[in-house]
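Heads up, the thing below is written out as structure tokens.
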Amino acid sequence: MSILLACDFDAAEWALWRPALQAAMPGERFVTSAETPDDIDVAIVANPPAGALAGLPRLRLIQSLWAGVERLLADTSVPGSVPIARMVDPAMSAAMAETAVWATLALHRGFFRYARLQHEARWAPHPQRRADEVTVAVLGLGQMGGAVARRVADQGYRVLGWSARPAALAGVETSAGEAALAPLLACADIVLNLLPLTARTQGFFDADRLAGMKRGAGLVNLGRGAHVVEADLLAALDQGQVVHAVLDVFGSEPLPREHPFWRHPRVSVLPHVAAQTDPRTAAAVAAANVQALREGRTLAHRVDRARGY
């Protein structure tokens with residue numbers, strides 16, 4: 001049997017991914033087109049075009065190289081009976097936690113403000129709070145969100161973790177459900193978003209949700225661009241409701257050159273690099289799931305289609 005590589009990669013990306021996948025699965029045969037569909041039982045994917053996984057009668061596993069699977073779930077041609085596994089890579093979670101700690105420190109200590117003052121040649125120190133005087137909310141306590149919450153808590157911050165379903169994390173005050181969300185946002189100095197993108201979280205940070213945040217709080221979006229209603233966030237920034245936004249993901253990527261986020265003094269733009277997938281470690285994760293399939297063992301990180309992640 002063969003493994004179909006259905007990946008939206010350019011030549012430079014293929015030069016990294018193909019050797020990594022082949023090294024991790026030396027006994028497997030890889031193809032990049034479904035010319036012999038009866039020979040394909042596994043598809044390893046990264047943003048495949050719609051319809052790329054249709055007409056594969058022996059397909060038994062769709063392994064994503066990305067953490068997000070919303071595009072796969074939106075493709076009605078993807079067979080509903082075939083399990084989808086998302087990428088959960090400890091190296092990626094560690095990288096996301098590093099970005100979250102950097103953003104939290106920069107917001108807490110006012111480093112973005114000092115960067116603006118530097119351009120004005122202004123020397124204006126402001127009072128410094130201790131970490132334990134700053135409350136950080138982490139929304140989404142999955143693999144990445146949990147890693148972020150733990151790492152931020154390790155820096156001495158009071159961390160409030162929120163998720164749709166109850167979760168427990170050492171050193172983190174956790175809550176779940178809609179009733180717990182409003183009071184959490186109202187007291188958080190910094191909000192870190194790592195929610196999955198589902199129908200319920202689309203446009204999560206709209207005018208009402210932003211107005212419910214503590215005035216002057218910072219927002220860090222490390223989830224998906226569609227979590228944020230961009231016009232509403234711009235209004236909240238201009239009104240001082242949100243003091244600064246660190247944005248790694250956007251509704252349109254690359255972010256258009258004319259977008260106001262580029263020039264807004266209270267926005268820091270990252271080009272979707274908070275936690276880049278490392279082909280070496282991700283290939284090993286994919287290989288372990290392929291091996292589990294071959295041996296009839298339980299697949300890791302299987303997507304719950306009803307929940308959307």
Would you say the side-chain atoms of [X] pair up with the backbone N or O of [Y], donor to acceptor, closer than 3.5 Å?
{"X": "His126", "Y": "Arg109", "value": "yes"}
{"X": "Glu120", "Y": "Leu117", "value": "no"}
{"X": "Asn193", "Y": "Val138", "value": "no"}
{"X": "Thr201", "Y": "Pro196", "value": "yes"}
{"X": "Asp206", "Y": "Val229", "value": "no"}
{"X": "Gln202", "Y": "Ala226", "value": "no"}

Practice problem: Decide whether a cation-pi geometry holds between Arg266 and Phe112; the criteria are a distance under 6.0 Å from NZ or CZ to the six-membered ring centre and an angle within 45° of the ring axis. | Solution: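 No, Arg266 does not sit over the ring of Phe112.
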Under 3.5 Å, side-chain donor or acceptor atoms of residues 83-91 against the rest of the protein: list the pairs with distances, not counting sequence neighbours.
{"from": "Asp89", "atom 1": "OD1", "to": "Ala91", "atom 2": "N", "distance (Å)": "3.0"}
{"from": "Asp89", "atom 1": "OD2", "to": "Thr281", "atom 2": "OG1", "distance (Å)": "2.5"}
{"from": "Asp89", "atom 1": "OD2", "to": "Ala282", "atom 2": "N", "distance (Å)": "3.4"}

Quick one: pull up [atom1] in [X] and [atom2] in [Y] and give me the separation to the nearest 0.5 Å.
{"X": "Arg297", "Y": "Asn289", "atom1": "CZ", "atom2": "CG", "value": "9.0 Å"}
{"X": "Phe205", "Y": "Leu233", "atom1": "CZ", "atom2": "CG", "value": "9.5 Å"}
{"X": "Leu4", "Y": "Leu59", "atom1": "CG", "atom2": "CG", "value": "8.0 Å"}
{"X": "Ile190", "Y": "Leu105", "atom1": "CD1", "atom2": "CG", "value": "8.5 Å"}
{"X": "Glu70", "Y": "Thr198", "atom1": "CD", "atom2": "OG1", "value": "10.0 Å"}

Self-check item: Test log, rule salt bridge (charged side-chain N to carboxylate O under 4.0 Å, His left out), inputs Glu28 and Arg294
Solution: CA-CA 11 Å; Glu28 299 288 349; Arg294 300 278 189 250; 2.9 Å; yes
Between side-chain atoms of residues 252-261 and protein atoms elsewhere (two or more places apart, or another chain), which donor-acceptor pairs fall under 3.5 Å?
{"from": "Glu253", "atom 1": "OE1", "to": "His272", "atom 2": "ND1", "distance (Å)": "2.8"}
{"from": "Glu253", "atom 1": "OE2", "to": "Phe250", "atom 2": "N", "distance (Å)": "2.9"}
{"from": "Glu253", "atom 1": "OE2", "to": "His272", "atom 2": "ND1", "distance (Å)": "3.3"}
{"from": "His259", "atom 1": "ND1", "to": "Phe261", "atom 2": "N", "distance (Å)": "3.0"}
{"from": "His259", "atom 1": "NE2", "to": "Glu230", "atom 2": "OE1", "distance (Å)": "2.8"}

Quiz prompt | Salt bridge Arg60-Asp41, side-chain N to carboxylate O under 4.0 Å | solution =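 Yes, this pair counts.
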Self-check item: Short N-O contact, Asp248 and Arg224, less than 4.0 angstrom
Solution: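 Salt bridge between Asp248 and Arg224, a charged N being under 4.0 Å from a carboxylate O: no.
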Self-check item: Stepwise side chain to side chain contact (heavy atoms under 4.5 Å, CB included) test for Met1 and Ile40
Solution: CA-CA 6 Å; Met1 302 299 291; Ile40 294 169; 5.9 Å; no
Least distance between heavy atoms, [X] atom then [Y] atom:
{"X": "Ser268", "Y": "His244", "value": "OG-NE2, 2.8 Å"}
{"X": "Met144", "Y": "Ser93", "value": "CG-OG, 3.8 Å"}
{"X": "Ala287", "Y": "Ala24", "value": "CB-O, 3.6 Å"}
{"X": "Ala217", "Y": "Met213", "value": "CB-CE, 4.0 Å"}
{"X": "Leu141", "Y": "Gly161", "value": "CD1-C, 3.7 Å"}
{"X": "Pro48", "Y": "Ala6", "value": "CB-O, 3.5 Å"}

Under 4.5 Å between side-chain heavy atoms, counting indirect links through other Ile/Leu/Val/Met/Phe/Trp/Tyr residues: same cluster for [X] and [Y] or not?
{"X": "Val82", "Y": "Leu56", "result": "yes"}
{"X": "Leu194", "Y": "Val191", "result": "no"}
{"X": "Val136", "Y": "Val246", "result": "yes"}
{"X": "Leu107", "Y": "Phe111", "result": "no"}
{"X": "Leu21", "Y": "Leu16", "result": "no"}

Taking the side chain as C-beta and beyond, is there a heavy-atom pair between [X] and [Y] under 4.5 Å?
{"X": "Pro57", "Y": "Asp38", "result": "yes"}
{"X": "Ser175", "Y": "Leu184", "result": "yes"}
{"X": "Thr104", "Y": "Tyr157", "result": "yes"}
{"X": "Lys214", "Y": "Asp189", "result": "yes"}
{"X": "Leu192", "Y": "Leu139", "result": "no"}
{"X": "Leu181", "Y": "Arg209", "result": "yes"}
{"X": "Phe204", "Y": "Val228", "result": "no"}
{"X": "Arg151", "Y": "Glu98", "result": "yes"}

Practice problem: Using the side chain to side chain contact (heavy atoms under 4.5 Å, CB included) rule, pick out the option among Thr99, Leu247, Val249, Val220 that qualifies with Leu270. | Solution: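 Exactly one option meets the side chain to side chain contact (heavy atoms under 4.5 Å, CB included) with Leu270, and it is Thr99.
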Quiz item: Parallel, tilted or perpendicular for Trp17 and Phe9, by the 30°/60° rule?
Solution: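 Ring orientation of Trp17 relative to Phe9: parallel.
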Exercise. Go through the steps to decide whether Leu53 and Asp75 satisfy the test side chain to side chain contact (heavy atoms under 4.5 Å, CB included), and finish with yes or no.
Key: CA-CA 9 Å; Leu53 304 182; Asp75 184 353; 5.9 Å; no
For residues 167-174, which side-chain donor-acceptor pairs fall under 3.5 Å, sequence neighbours excluded?
{"from": "Glu173", "atom 1": "OE1", "to": "Arg158", "atom 2": "NH2", "distance (Å)": "3.2"}
{"from": "Glu173", "atom 1": "OE2", "to": "Arg158", "atom 2": "NE", "distance (Å)": "3.0"}
{"from": "Thr174", "atom 1": "OG1", "to": "Ala167", "atom 2": "O", "distance (Å)": "2.7"}

May I ask you to check whether over 12 heavy atoms, not counting those of [X], lie within 6.0 Å of atom [atom1]?
{"X": "Arg113", "atom1": "CZ", "answer": "yes"}
{"X": "Arg58", "atom1": "CZ", "answer": "no"}
{"X": "Arg200", "atom1": "CZ", "answer": "no"}

Quiz item: With no hydrogens and no angle check, do the side chains of His108 and Arg129 hold a donor and an acceptor under 3.5 Å apart?
Solution: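 No, because no side-chain N or O of His108 sits under 3.5 Å from a partner of the opposite role on Arg129.
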Quiz item: Is a side-chain donor-acceptor pair under 3.5 Å present for His264 with Asp238?
Solution: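 Per modelled atom types, Asp238 and His264 side chains form a pair under 3.5 Å.
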Quiz item: What's the verdict on side chain to side chain contact (heavy atoms under 4.5 Å, CB included) for Leu210 and Val242, showing C-alpha distance, side-chain angles and the deciding distance?
Solution: CA-CA 8 Å; Leu210 293 166; Val242 175; 4.2 Å; yes
Quiz item: Between Leu197 and Tyr309, is a side chain to side chain contact (heavy atoms under 4.5 Å, CB included) present by the stated rule, with each step listed?
Solution: CA-CA 8 Å; Leu197 182 61; Tyr309 55 94; over 6 Å; no
